[in-house]
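Note that ligands are numbered from 1 as they come in the structure, with each ligand's atoms numbered from 1 the same way. For the numbers below, each heavy atom of this structure counts, side chains included, while hydrogens, waters and symmetry mates do not.
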Amino acid sequence: MGGHFLSIGECMVELSQAEDGHLRKGFAGDTFNTAWYARACLPDDWSVHYFTALGDDAMSDEMLDFMRAHDIGTSNIGRLRGKTPGLYMINLKDGERSFSYWRDNSAARQLAADGDRLRTAIEASNVVYFSGITLAILTHEDAETLLAELRRAKAVGKLVVFDPNLRPRLWSSFDAMHTMIGEGARASTLVMPSFDDEASHFGDDSIASTIRRYRQHGANMVVVKNGAEGATVGTDAGETLVPAAKVESVVDTTSAGDSFNGAFLAHYLEHDDPVAAARFAAKIAAKVIQEHGALVAPEKLQTTK
Ligand code: ADP
């Protein structure tokens with residue numbers, strides 16, 4: 001069957017400390033991580049593409065080379081003169097990780113400024129994935145452009161998938177976040193929130209209330225991730241809890257949710273069974289949290305691809 005999967009957002013340069021104190025450079029970002037795991041889990045008759053904006057510097061070149069080397073399409077990525085990618089650094093102190101970001105002025109903030117380019121990319125796709133972070137980094141006008149294109153995609157029957165990925169610090173106010181996350185859900189077919197975030201920021205007292213809220217916004221299906229407790233699939237047919245896979249020792253939970261989303265979508269697109277997809281995604285996420293870093297090599301995931 002096959003098709004064309006598109007993920008839209010910001011991929012950043014990642015600096016992390018190696019054991020000898022040197023800095024290690026990588027590339028990561030929520031929507032890019034999901035594209036990575038979708039690529040790892042989808043069969044070869046699917047193409048996976050990333051949509052963002054980059055600068056015209058050497059780091060942007062290197063990021064594009066990295067994407068292409070891992071079979072992630074870059075053909076619609078625009079290059080902006082004088083701009084650079086965003087950057088973040090993982091700090092490790094006494095076993096606790098914290099993050100510093102330099103992304104306020106990144107090229108990706110203008111990813112929706114060229115509406116024609118965005119439309120071309122979405123029109124060529126069967127599945128479009130984006131997140132609350134994608135919306136948060138845009139100007140209000142550009143976020144409206146993106147949402148309009150996503151609503152069009154949903155209206156013509158494409159699968160539009162949204163992870164709210166709530167990050168209050170990226171929004172100008174709680175109200176802006178609340179309104180735009182609602183708009184994101186309205187433009188989507190499938191919403192994939194994390195219960196922790198929804199409970200902390202929107203006060204949900206149960207997974208059922210998260211599912212109800214996003215379905216009221218207009219999403220047809222909601223899959224709520226809840227760490228070691230598993231994930232709940234909410235459809236017209238009701239709610240089904242799919243337990244997490246057992247993990248003896250968690251090494252690094254970075255990308256747990258992003259990998260779950262990518263694996264879920266890969267399975268769902270091939271088999272059209274959301275509960276089986278959540279079972280598969282739980283297995284992949286369990287492998288990801290037993291390795292270091294956001295992007296675990298496909299060989300280590302042992303997908304049945
Ligand atoms: P996020 O990274 O978005 O906060 P979660 O923490 O809910 O997402 O994790 C996403 C998925 O990763 C879960 O649904 C589960 O399948 C898996 N997962 C996360 N933490 C664990 C854990 N401690 N043990 C087993 N699976 C886990």
Would Lys225 and Asp163 satisfy salt bridge (Lys or Arg N to Asp or Glu O under 4.0 Å), going step by step from the backbone distance to the final call? CA-CA 10 Å; Lys225 292 157 284 172; Asp163 183 338; 2.9 Å; yes

Who's the nearest protein heavy-atom neighbour of atom 13 (C) of ligand 1, and how far? Gly227 O, 3.4 Å

Considering the options Asn126, Val128, Thr189, which one meets the side-chain contact (heavy atoms from CB on, under 4.5 Å) requirement together with Leu159? Thr189

Mode of Ala228 contact toward ligand 1 - side chain, backbone, both, neither (heavy atoms, under 4.0 Å): both

Using only heavy-atom distances, determine whether the side chains of His271 and Asp273 contain a donor-acceptor pair under 3.5 Å. no

re atom 3 (O) of ligand 1, the protein heavy-atom contact at minimum distance is Ser194 OG, 2.6 Å

Where do Lys154 and Glu149 land on the salt bridge (Lys or Arg N to Asp or Glu O under 4.0 Å) test, with the steps shown first? CA-CA 9 Å; Lys154 180 180 180 179; Glu149 293 303 330; over 6 Å; no

Contact between ligand 1 and Thr253 is defined here as a heavy atom of the residue under 4.0 Å from a ligand atom; is it met? no

Provide the number and element of each atom of ligand 1 under 4.0 Å from a heavy atom of Asn226. 7 (O)

By number and element, which atoms of ligand 1 are closer than 4.0 Å to a non-hydrogen atom of Ala244? 25 (C), 26 (N)

Atoms of ligand 1 under 4.0 Å from any heavy atom of Ala285, numbered from 1 in the order shown, are 12 (O), 17 (C)

Counting heavy atoms only, name the option from Ala245, Gly257, Ala282 that's nearest to atom 2 (O) of ligand 1. Gly257

Which residue supplies the protein heavy atom nearest to atom 21 (C) of ligand 1, what is that atom called, and how far is it? Ile289 CD1, 3.4 Å

Ion pair Arg152/Glu123, N-O distance below 4.0 Å: yes

Please tell me whether Gln290 and Ser249 have a donor and an acceptor in their side chains that are separated by less than 3.5 angstrom. no

For the pair Asp57 and Lys83, find out whether any cationic side-chain nitrogen is under 4.0 Å from an anionic carboxylate oxygen. no

